[in-house]
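Shown next, in structure tokens, is the structure this report addresses.
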Amino acid sequence: VKAERYMAGERSAGNRLFTALATSDQALLRPYLIVQTLKRGQVLVEAGDDVTKCYLPCKGTVASLVVALPNGTVAETASIGCEGAVGGIVSQGHKPAFARAVVIIEGPALCLDCERLEELKAQSASLRDMIARYTDCLLAQVLQSVACSALHSLEQRFCRWLLHFHDRAESDEVPLTQEMLAEMVGVQRTTLTAVAATLQARGMIKTLRGRIFVNDRDGLESTACCCHATVVAHFNRVLVGVYPAKVY
Ligand SMILES: [Zn+2]
């Protein structure tokens with residue numbers, strides 16, 4: 001894993017939660033941050049293992065919290081990009097992880113030891129406050145996903161995920177394969193392909209050799225359920241300016 005010291009002024013690294021911290025809190029963290037390049041499929045922490053590292057994804061990097069069932073099937077519960085952090089955020093210090101954290105879109109992340117983060121949080125009420133606010137937003141995403149899975153159609157949920165990843169993408173290409181999206185939505189690949197075909201026929205997306213491009217963001221927003229907009233609205237109230245929304 002390529003690692004280098006996080007240099008002052010390296011804003012292009014671009015974790016928006018870090019950038020939103022008070023200047024004094026950024027200065028507290030900066031000496032302990034390492035830039036790592038996370039690879040697709042890399043497991044940041046396995047369920048049941050002690051959480052020892054905290055990762056702040058940068059730019060287009062995204063990690064997911066995945067629950068694996070005893071029969072080997074997996075379901076995604078939340079995904080975290082440049083608006084947040086993975087590891088040691090909800091619990092404090094070395095606690096066992098409930099979910100597996102895995103990288104789904106590769107790229108850079110800032111990384112620090114959870115132990116160090118706990119020491120710094122003990123020194124700064126404003127740092128504790130920002131992390132508590134982010135935890136609240138992450139919980140909102142999980143709670144809304146529970147409601148969404150129970151109440152909304154496959155097409156609505158698919159559009160919701162496309163909006164979620166379009167927000168975090170560097171362009172109009174959603175950098176996920178249809179297989180990955182099928183896993184997130186919780187359906188077979190063939191089922192997802194059929195839904196994607198209807199959205200493509202309506203001009204909202206374009207699929208090309210397994211890649212997905214967003215053509216009509218407004219159309220996706222009106223076809224998706226309210227869940228994406230609800231989570232983003234909460235995020236924007238609790239952590240102003242941190243969510244990487246394309247339009248809102
Ligand atoms: Zn929904």
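The figures that follow rest on heavy atoms only: side chains count, while hydrogens, waters and symmetry mates do not.
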Note to self: Just so I know, are the side chains of I105 and T61 near enough to count as touching, which here means a heavy-atom distance under 4.5 Å?
What the structure shows: no
Connected to L143, directly or through other members, by ILVMFWY side-chain contacts below 4.5 Å are L139
- Message: Keeping Q200 on the side-chain end and T207 on the backbone end, is there a donor-acceptor pair under 3.5 Å?
- Response: yes
Are any non-hydrogen side-chain atoms of R168 and E83 less than 4.5 angstrom apart?
yes
- prompt: With side chains defined as the heavy atoms from C-beta onward, is the minimum distance between L21 and L29 less than 4.5 Å?
  reply: yes
Exercise for the section: Might you work through the side chain to side chain donor-acceptor pair (under 3.5 Å) test for T193 and Q178, ending with a clear yes or no? Expected result: CA-CA 7 Å; T193 302; Q178 292 197 31; 3.3 Å; yes
Between V35 and L110, the two heavy atoms sitting closest are CG2-CD2, 3.9 Å
Main-chain N/O of D218 paired with S222 side-chain donor or acceptor, under 3.5 Å: yes
TODO: Please answer whether the main-chain N or O of V195 pairs with a side-chain N or O of T198 as donor and acceptor at a distance below 3.5 Å.
DONE: yes
With I89 as partner, the option from I131, V51, L56, I80 fulfilling side-chain contact (heavy atoms from CB on, under 4.5 Å) is I131
Apply side-chain contact (heavy atoms from CB on, under 4.5 Å) to E179 and L192, showing your working. CA-CA 8 Å; E179 258 115 11; L192 187 106; over 6 Å; no
Exercise for review: Could you walk me through whether D50 and T52 pass the side chain to side chain donor-acceptor pair (under 3.5 Å) test, one step at a time?
Suggested key: CA-CA 6 Å; D50 275 1; T52 59; over 6 Å; no
Review point. Taking it one step at a time, do L44 and V103 satisfy side-chain contact (heavy atoms from CB on, under 4.5 Å)?
Key: CA-CA 7 Å; L44 302 178; V103 178; 3.9 Å; yes
Between F213 and L208 the two heavy atoms that sit nearest each other are CE1-CB, 4.1 Å
* Does a sphere of radius 6.0 Å around CZ in R189 hold more than 12 heavy atoms from other residues, nucleotides or ligands, not counting ones at 6.0 Å or beyond? -> yes
- [ ] Give a yes or no answer on whether the side chain of Q156 reaches the backbone of S153 with a donor-acceptor pair at less than 3.5 Å.
- [x] yes
- Do M184 and I104 have side-chain heavy atoms sitting under 4.5 Å apart? yes
task = Would you check if E155 and T223 make a side-chain contact, meaning some heavy-atom pair closer than 4.5 Å?
result = yes
What one should report as the nearest heavy-atom pair of A68 and V74 is CB-CG1, 3.8 Å
Using a 4.5 Å side-chain heavy-atom cut-off and chaining through intermediate ILVMFWY residues, the residues clustered with V146 come out as none
Residue set satisfying ring-ring contact (aromatic ring centres under 6.0 Å, His included) with H164, at least two apart, ordered chain then number -> W161
Rounded to the nearest 0.5 Å, the CG atom of L239 sits from the SG atom of C137 at a distance of 4.5 Å
Value for CD (Q144) from OG (S149), rounded to nearest 0.5 Å, stands at 10.5 Å
Scanning both residues in full, the closest heavy-atom pair of G48 with P96 reads O-CB, 3.7 Å
Would you mind reporting whether V231 and H234 have side-chain heavy atoms less than 4.5 Å apart? no
message: Is it the case that the side chain of S171 and the backbone of E173 share a donor-acceptor pair, with hydrogens and angles ignored and the cut-off at 3.5 Å?
response: yes
Rounded to the nearest 0.5 Å, the CG atom of L117 sits from the NZ atom of K121 at a distance of 5.5 Å
In short, L38 meets A109 closest at the heavy-atom pair CD1-CB, 3.5 Å
Distance col, row D172:CG vs K206:NZ, nearest 0.5 angstrom, shows 13.5 Å
Review point. Below 4.5 Å, heavy atoms only, C-beta onward: do C114 and C54 meet side chain to side chain?
Key: yes
| message | In the structure I gave you, are the side-chain heavy atoms of L28 and Q123 within less than 4.5 Å of one another anywhere? | response | yes
Residue pairs passing the salt bridge (Lys or Arg N to Asp or Glu O under 4.0 Å) test with at least one member in residues 139-149, sequence neighbours excluded, are none
request  = Indicate yes or no for a side-chain donor-acceptor contact from D113 to the backbone of K53 under 3.5 Å, with no hydrogens or angles considered.
outcome  = no
**Report entry** Donor-acceptor contact present, side-chain R160 to main-chain A224, <3.5 Å
**Finding:** no
*Charged N to carboxylate O below 4.0 Å: is that the case for R237 and D136?*
no
Scanning both residues in full, the closest heavy-atom pair of Y32 with L112 reads O-CB, 3.6 Å
- E106 backbone acceptor or donor facing R40 side chain under 3.5 Å: no
Residues passing the side-chain hydrogen bond (donor to acceptor under 3.5 Å, both in side chains) test with E46, sequence neighbours excluded, are R100
Working note: C227 + S145, criterion side-chain contact (heavy atoms from CB on, under 4.5 Å); need CA distance, chi angles, decisive distance, verdict.
CA-CA 8 Å; C227 295; S145 288; over 6 Å; no
Examine V238 and M130 and state if one hydrophobic cluster contains both, with Ile, Leu, Val, Met, Phe, Trp and Tyr joined whenever side-chain heavy atoms are less than 4.5 Å apart. no
Looking at N15 and G84, would you say the former's side chain and the latter's main chain have a donor-acceptor pair under 3.5 Å? yes
Is L176 reachable from L154 through a run of hydrophobic residues whose side-chain heavy atoms are each under 4.5 Å from the next? yes
(message) Between N215 (side chain only) and M204 (backbone N and O only), is there a donor and an acceptor less than 3.5 Å apart?
(response) no
- Query: Could you walk me through whether E76 and S64 pass the side chain to side chain donor-acceptor pair (under 3.5 Å) check?
  - Reply: CA-CA 7 Å; E76 170 158 328; S64 283; 2.8 Å; yes
Output for pair (Y55 OH, I34 CD1), nearest 0.5 Å, gives 11.5 Å
Requested in this report: Go through the steps for C159 and L199 under the test side-chain contact (heavy atoms from CB on, under 4.5 Å), then give the verdict.
Outcome: CA-CA 9 Å; C159 291; L199 295 178; 3.9 Å; yes
So OH of Y243 and CG of N236: to nearest 0.5 Å the spacing works out to 8.5 Å
Residue set satisfying ring-ring contact (aromatic ring centres under 6.0 Å, His included) with F158, at least two apart, ordered chain then number -> none
